[in-house]
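Just so we're clear, the structure is a prediction, and the values are computed from it rather than from any experiment. If you read the sequence from its start, that first residue is 1, and numbering goes on from there.
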Amino acid sequence: MVLFKRLQTRIFAFFVLVIIAVLTLSFWLSYQSNQRLEHQYVANQLEVASLVFESQYDNRNYYLAAFASTAAKDFALKDIFIDGDNRSFLVALNNHRGRINASLAMAVSGDGKVIGQLVASQDELGQDVVALGSEQHTPFRYKLDTEFDQISPFYLLDNKLYQIKFSPLTSGGDSVIGWVGFGFLIGDSLANSLQKLTGLNSGFMLLDKDQITSVGHSGFPLERHETQLMTQYIVEGQADSDFILWKQFLGQVDNKSLHAYMYKSRSDLLASIESQWLQQVAVLLLMLPVSLLLAFWISGSITRPIKQLIEQARFIAKGNYHSHVSVDSSVELQQLANEFTSMQQAIVTREKSIEHQAFHDPLTNLANRNQLQRVCEPWLIAGANMAICLINIRRMTEVNVTLGHAVGDEVIKEVAKRLCHINPNALACRLSGDEFVLAFKECEQSSFEAFLAMLQAKISQEYHYQDILLHLQFTAGVSFHRHGVDIVTLLRQADTALQHAKMNKRDYQIYDANIDKNSIERFQLINELKLAIEQNQLVLYYQPKLNLVKQKITHVEALVRWVHPSRGIIPPDTFIPIAEKTMQMDALTRWVITEAMAQYHRWQAQGIDMCIAVNISAENLKDEQFCYWVIDTLAQQNVPVSAMTLEITEDAVVSDPELAIKQLTLLRQNGLTLSIDDYGTGYSSLAQLKQLPVDELKIDKSFVQKLLQTEADQIIVQSTLQLAHNLGLKVVAEGIEDKETLQWLTERDCEMGQGFYLSRPLPEQQFNDWLSQSTYV
């Protein structure tokens, strides 16, 4: 396959295919032409044979008839015939026979008797010998009448066949006194004459039912297979593809059918054509290697200058951009070589530009991350006391949104300009939109805080842009080189310090390993949470809710826990914020709801009738398909809507009140119980609470845990109960940790209670054991 990818191979293969196609077409056309020529030659030969035979046969008939008529009109012959002088008549008859060299001369009297029959033959010396025929003075074998022309033109005498014509002898007007006739022998001589004219073996054959008689054949006598061939062809009509065959029925002779035939072996007849065909094939076969050699030479000559260009291109690829590319070939390839030379120059210019772009920021022309790494790695190898200061310009998003990105770009340029003048020994870089780096080869941590104060003073100087006064500030994260730390790690540590500074609203933070522990752990949890949901590493814990009116456990709250394979139980406060920020909250909530429905059926099978509350987040309410999924899943899992309570925090409603109310209304219309969780800690107003389609409020545990010790908490809880009841809402109090608090809430008509006094959240089996021993059943 690699060889076929070469241009020379492809060109050669193309020429080979063209040559083979042309030779194949030529061979096919020659073959077809040869076949047509053979068919045409055979047809012409048979047509010539037919025409020659008919010409010879008709000419003999005409000649015999004309001479017999002339002889019959000879008065001297008539006188001798009438006088009855037989000897003189025979002499006169032989004289007439000799004029046309006839093989047979006959005279028949009026009463049907043969009065003269002369048969001519040749002796061993080739001299003509004339003798009386065997039928002299015998009755004529045919019945004679005035229609003498109806007599068969063939006459068999002494096993010799003659082509004969008679003419009547008349006397005194139209009175017929006899007949005179002359004939030519049908035999080998005639067959040989036909062979010379046609080139085909010729002959005549008499056929009887049980006997076949050859009366003449050209050349040597018929071989047995030839006799069989002609018999099958004439009698049965069977042709042989190896022979050229022609036949002609001539008539009946003594109840035998007379046939003329011509034949020849097809290979002999077409030998010259076959020879020409073989010569053409030989020429075609000879052309093949010659053409292949020529194709190979042409493909090589075409690709040779290209190979020169390839070698020179490889030389250029090694960085030799100052050579001159040239080839000894056509104008087009020379032009291509010149273009290669121009390309070299363009590459040099472009490489410088690309290299600059690869290592510099296009907006500020400061060094970028690649340049930072290229410059700092030798410093680290040399063991320098490096320091990385990662700088984030504050409020750049507000500048871009308010004033536009064009103004934002100008601000970035101004910051870059100021950074360049801070310290000539520092490498100033721009990493991304509003992030810059100052890299120091040698720097002591003890003096860095003073530098950061000076940096803040320089950066925060007033900046005017088109009558707009901008106050520039930054937050910085700093990391110092330690043994075994590379530039990537230094940048990550500086970024960790920067985020820590932002979180704690500080101007800067120097990296310390203590601030990085949670970040690394959090990063690992982000990567592992999706796998935990997919592999069912999650489990539900259940905290009971006491119906204070019935003094019975009728509800539970399902709380998710992460059973990590190596870290153990991970509380929801750790991984739920991760799920919300990494777009995994939807998958997590759906898992919790699905598992809660399965738990409902397991409890039903044990005879436990329990309503389960599940927490949903603001991220769930932003998904318009979530509510439909909850409703459809309840129907599919055959769980009544009364068995499920959905709890949502105030903050989730505040983030997008319109969408939240729409989603909650849909859930409420389908019969689901809705609860506001952690009420009192969020930002909802009474007007907003009035619009929410909820069924209950859950008073946050911060107001309940020290209820009896704090009068303010009692006032808040008491007013919340009155407000909720006036709005038609039920109240659930969280954080009940003693019996007295439970009693206080019961006396003030609080509907439900929940807290450690009753039970902590328990896994399924422990909750079942607790419930079986509880007094609130």
Check for a donor-acceptor pair, side chain of [X] on one end and backbone N or O of [Y] on the other, with a separation under 3.5 Å.
{"X": "Asp678", "Y": "Thr649", "value": "no"}
{"X": "Gln499", "Y": "Gly477", "value": "no"}
{"X": "Asn620", "Y": "Ser617", "value": "yes"}
{"X": "Gln543", "Y": "Ser759", "value": "yes"}
{"X": "Asn392", "Y": "Glu435", "value": "no"}
{"X": "Gln551", "Y": "Leu548", "value": "yes"}
{"X": "His500", "Y": "Thr496", "value": "no"}
{"X": "Arg668", "Y": "Gly671", "value": "no"}
{"X": "Asp713", "Y": "Leu708", "value": "no"}
{"X": "Arg395", "Y": "His471", "value": "yes"}

Taking NZ, NE, NH1 and NH2 as the nitrogens, is one of them in [X] or [Y] under 4.0 Å from a carboxylate oxygen of the other?
{"X": "Lys413", "Y": "Asp361", "answer": "no"}
{"X": "Lys545", "Y": "Glu751", "answer": "no"}
{"X": "Arg418", "Y": "Glu414", "answer": "yes"}

Might you point out which heavy atoms bring [X] and [Y] nearest each other, and give the distance in Å?
{"X": "Met644", "Y": "Cys611", "value": "N-SG, 4.0 Å"}
{"X": "Ile510", "Y": "Ala497", "value": "C-CB, 4.2 Å"}
{"X": "Leu498", "Y": "Thr475", "value": "CD1-O, 3.1 Å"}
{"X": "Val614", "Y": "Ala596", "value": "CG2-CB, 4.0 Å"}
{"X": "Leu729", "Y": "Val694", "value": "CD2-O, 3.1 Å"}
{"X": "Arg590", "Y": "Thr594", "value": "O-OG1, 2.7 Å"}

State, yes or no, whether a side-chain contact exists between [X] and [Y] at a heavy-atom distance under 4.5 Å.
{"X": "Leu672", "Y": "Leu634", "result": "yes"}
{"X": "Leu490", "Y": "Leu380", "result": "yes"}
{"X": "Leu621", "Y": "Leu659", "result": "no"}
{"X": "Cys376", "Y": "Phe440", "result": "no"}
{"X": "Ile553", "Y": "Asn547", "result": "no"}
{"X": "Leu546", "Y": "Tyr757", "result": "no"}
{"X": "Met386", "Y": "Ile487", "result": "yes"}
{"X": "Glu647", "Y": "Asn615", "result": "yes"}

Using a cut-off of 6.0 Å, state whether more than 12 heavy atoms not belonging to [X] lie near its atom [atom1].
{"X": "Gln461", "atom1": "CD", "answer": "yes"}
{"X": "Glu534", "atom1": "CD", "answer": "yes"}
{"X": "Arg374", "atom1": "CZ", "answer": "yes"}

Distance, nearest 0.5 Å, that separates [atom1] of [X] from [atom2] of [Y]:
{"X": "Gln754", "Y": "Ile699", "atom1": "CD", "atom2": "CD1", "answer": "12.0 Å"}
{"X": "Asn638", "Y": "Gln604", "atom1": "CG", "atom2": "CD", "answer": "10.0 Å"}
{"X": "Thr645", "Y": "Ile612", "atom1": "OG1", "atom2": "CD1", "answer": "9.5 Å"}
{"X": "Ile422", "Y": "Leu455", "atom1": "CD1", "atom2": "CG", "answer": "5.0 Å"}
{"X": "Leu529", "Y": "Gln537", "atom1": "CG", "atom2": "CD", "answer": "9.5 Å"}
{"X": "His564", "Y": "Ile569", "atom1": "NE2", "atom2": "CD1", "answer": "11.5 Å"}

TODO: May I have the step-by-step check of side chain to side chain donor-acceptor pair (under 3.5 Å) for Gln357 and Asn368, ending in yes or no?
DONE: CA-CA 9 Å; Gln357 293 176 8; Asn368 61 10; over 6 Å; no

Open item on the list: I'd like to know whether Ile459 forms a side-chain contact (heavy atoms from CB on, under 4.5 Å) with Leu419, so could you lay out the CA-CA distance, the side-chain angles of the two residues, the decisive distance to 0.1 Å, and finally the verdict.
Closed with: CA-CA 8 Å; Ile459 296 296; Leu419 287 176; 3.9 Å; yes

- [ ] Identify the residue among Thr710, Thr720, Val717 that makes a side-chain contact (heavy atoms from CB on, under 4.5 Å) with Phe703.
- [x]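 Of the listed options, the one satisfying the test is Val717.
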
Task: CA sep, side-chain torsions, deciding dist, call: Leu588, Gln584, side-chain contact (heavy atoms from CB on, under 4.5 Å) - done: CA-CA 6 Å; Leu588 178 62; Gln584 299 186 73; 5.8 Å; no

Open item on the list: I need the single residue from Gln599, His555, Glu764 that forms a side chain to side chain donor-acceptor pair (under 3.5 Å) with Tyr542. Which is it?
Closed with: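 Output: one option passes, namely Gln599.
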
Task: Full working for side chain to side chain donor-acceptor pair (under 3.5 Å) between Glu696 and Ser675 - done: CA-CA 5 Å; Glu696 67 180 26; Ser675 176; 3.1 Å; yes

Open item on the list: When you compare the side chains of Gln765 and Asp769, does any donor N or O come within less than 3.5 Å of an acceptor on the partner?
Closed with: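 Yes.
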
TODO: Return the orientation label for the Trp603 and Phe767 ring planes: parallel under 30°, perpendicular over 60°, tilted otherwise.
DONE: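 Correct class here is tilted.
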
- [ ] For the pair Gln493 and Phe480, evaluate side-chain contact (heavy atoms from CB on, under 4.5 Å) and give the outcome as yes or no after the intermediate values.
- [x] CA-CA 9 Å; Gln493 291 175 351; Phe480 289 90; over 6 Å; no

Open item on the list: salt bridge (charged side-chain N to carboxylate O under 4.0 Å, His left out), that's the test. Do Asp507 and Arg394 meet it? Break it down for me.
Closed with: CA-CA 10 Å; Asp507 288 343; Arg394 299 176 187 171; 2.6 Å; yes

Task: Leu723 vs Leu697, side-chain contact (heavy atoms from CB on, under 4.5 Å): CA-CA, chis, key distance, verdict - done: CA-CA 10 Å; Leu723 174 65; Leu697 298 180; 5.6 Å; no

TODO: Go through the steps to decide whether Phe474 and Phe436 satisfy the test ring-ring contact (aromatic ring centres under 6.0 Å, His included), and finish with yes or no.
DONE: CA-CA 10 Å; Phe474 69 87; Phe436 294 84; over 10 Å; no

